[in-house]
There are 2 protein chains.
Amino acid sequence: MSATKLTYLPVSGLGESIRYLLHYGGVEFEDERITREELAIRKPKLPLGQVPVLEFEGKTLFQSISICRFLARRFNLTGEDEWDSLQCDIAVDTISDIGIAITGYVTETNEEAKKAKKAAALTKINFLTEKLEGHLAKNDGHFVKGQLTWPDFVLAAVFTTLVGRGEADFFAERPLLKALKAKVDALPAIKAYLAKRPPVPF
Amino acid sequence: MSATKLTYLPVSGLGESIRYLLHYGGVEFEDERITREELAIRKPKLPLGQVPVLEFEGKTLFQSISICRFLARRFNLTGEDEWDSLQCDIAVDTISDIGIAITGYVTETNEEAKKAKKAAALTKINFLTEKLEGHLAKNDGHFVKGQLTWPDFVLAAVFTTLVGRGEADFFAERPLLKALKAKVDALPAIKAYLAKRPPVPF
């Protein structure tokens with residue numbers, strides 16, 4: 001079997017959920033973290049000019065959420081039937097909306113516009129985390145029927161990004177999201193990973 | 001079985017690919033198209049305060065791409081194995097990036113900022129459609145091994161939005177994307193739908 005290699009920036013962002021899933025699945029892999037300068041050099045050779053990219057069983061996988069879903073199927077993290085798979089997908093899309101809201105303001109270069117956008121984004125994130133919290137309340141603290149599924153890992157990664165961006169307060173009023181993040185981080189394989197993870201700013 | 005009902009705005013946007021898939025799958029459904037004013041009234045009762053929402057077999061489905069993937073599995077439009085499913089997901093995420101690029105500038109209220117954003121978005125869309133065209137060239141004109149899969153429908157819907165936004169030119173230099181859109185639109189169930197579809201501005 002070919003070597004497995006994940007290439008991404010030295011941040012949480014779109015790559016962390018893939019790292020979590022690979023560790024959870026017990027896959028030996030090279031966790032390559034490249035600088036933005038190195039990314040600029042490699043850009044023309046990347047499938048869409050961007051990372052994360054995962055080399056897996058001789059194939060080149062890209063689009064972060066697609067990679068996560070593929071790994072989730074491999075590791076039986078999509079629940080029991082088509083309805084559970086749907087719940088996973090809806091949860092991940094909703095968590096991704098948090099990521100999109102963050103990107104919307106951190107990439108704005110005009111300072112005044114950035115301030116307004118950040119305020120709007122934080123309102124949106126507050127709304128989304130409230131909805132997610134409500135969903136966990138009805139599903140025994142997980143996204144699907146009290147079971148571990150792949151949105152749990154995607155949440156843990158977005159949580160890392162938000163806390164890194166200085167928005168830890170969001171989770172002060174979201175005890176179930178906070179507990180789920182802690183539960184994922186306490187899984188033996190994840191705990192071992194986090195103990196040796198290089199610092200990720202966000 | 002409960003009645004099937006899709007609720008969305010009277011545009012293509014995030015709802016059209018769901019409409020296409022429901023028609024392809026031969027599902028009898030109410031195609032409810034509500035005004036923005038009506039949406040504002042219903043907002044508090046919608047799962048995430050937004051549409052599209054699909055009532056299907058007694059359940060309320062939301063998040064447009066999650067709905068499409070669910071229907072795709074039902075109608076055997078995800079290919080033959082996990083790798084085909086992955087290809088479908090990657091293609092859909094890439095097509096969705098076009099939608100995100102469009103949203104990025106059409107929602108900008110500052111005219112000057114909008115102009116700059118539109119230029120950046122069109123560059124991005126040009127890049128993405130070039131990549132998608134290249135992918136079709138290697139897969140016999142479809143996204144997965146010359147077979148009809150669900151990204152074909154998602155493409156047809158985004159195509160409708162781009163043309164409606166006055167960006168038809170994109171496809172002048174993308175003969176394979178154009179041919180695939182025409183192929184989807186010529187499927188008997190889709191042809192019948194398009195013949196009676198109310199006008200969609202974009």
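What you see below is based on every heavy atom in this structure, not just the backbone, and it leaves out hydrogens, waters and symmetry mates. Since the model is a prediction, treat every value here as computed from it, not as a measurement. Just so it is clear: chains get the letters A, B, ... in the order the sequence lines come, proteins before strands, and each one is counted from 1.
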Sorted by number, residues from residues 119-137 of chain B in contact with chain A (heavy atoms, under 4.5 Å):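 Counting heavy atoms that sit under 4.5 Å from chain A, the residues of residues 119-137 of chain B involved are K124(B), F127(B), L128(B), K131(B).
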Part of S64(B) within contact of chain A (heavy atom distance under 4.5 Å):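 When you check distances to chain A, no heavy atom of S64(B) falls under 4.5 Å.
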Other residues, nucleotides, ligands: >12 heavy atoms within 6.0 Å of E38(A) CD: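 Count over threshold, so yes.
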Part of F62(A) within contact of chain B (heavy atom distance under 4.5 Å):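 Looking at F62(A), backbone and side chain both touch chain B.
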Neighbour count >12 (heavy atoms, 6.0 Å) for atom NZ, K145(B):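 Atom NZ in K145(B) is crowded, with more than 12 foreign heavy atoms closer than 6.0 Å.
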From D93(A) atom CG to S96(B) atom OG, the distance as rounded to the nearest 0.5 Å: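 The OG atom of S96(B) is 8.5 Å from CG of D93(A), to the nearest 0.5 Å.
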Under 4.5 Å from any heavy atom of chain A - which part of D97(B):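 Side chain of D97(B) only, per the 4.5 Å heavy-atom cut-off to chain A.
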Expected output: side-chain S66(B) to main-chain L86(A) donor-acceptor under 3.5 Å: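 Side chain of S66(B) to backbone of L86(A): no pair is present.
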Check: T94(A) and Q63(B) side chains under 4.5 Å, non-hydrogen atoms: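 A side-chain contact exists here, since the closest heavy-atom pair is under 4.5 Å.
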CD-CZ distance between Q87(A) and F70(B), expressed to the nearest 0.5 angstrom: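 Separation between the atoms: 10.0 Å.
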Top contributor to chain A interface from I67(B), L48(B), I65(B), I90(B) [non-hydrogen pairs under 4.5 Å]: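 When all of I67(B), L48(B), I65(B), I90(B) are compared, I90(B) has the most.
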Over 12 foreign heavy atoms within 6.0 Å of CD, E30(A):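 For E30(A), atom CD is crowded (more than 12 foreign heavy atoms under 6.0 Å).
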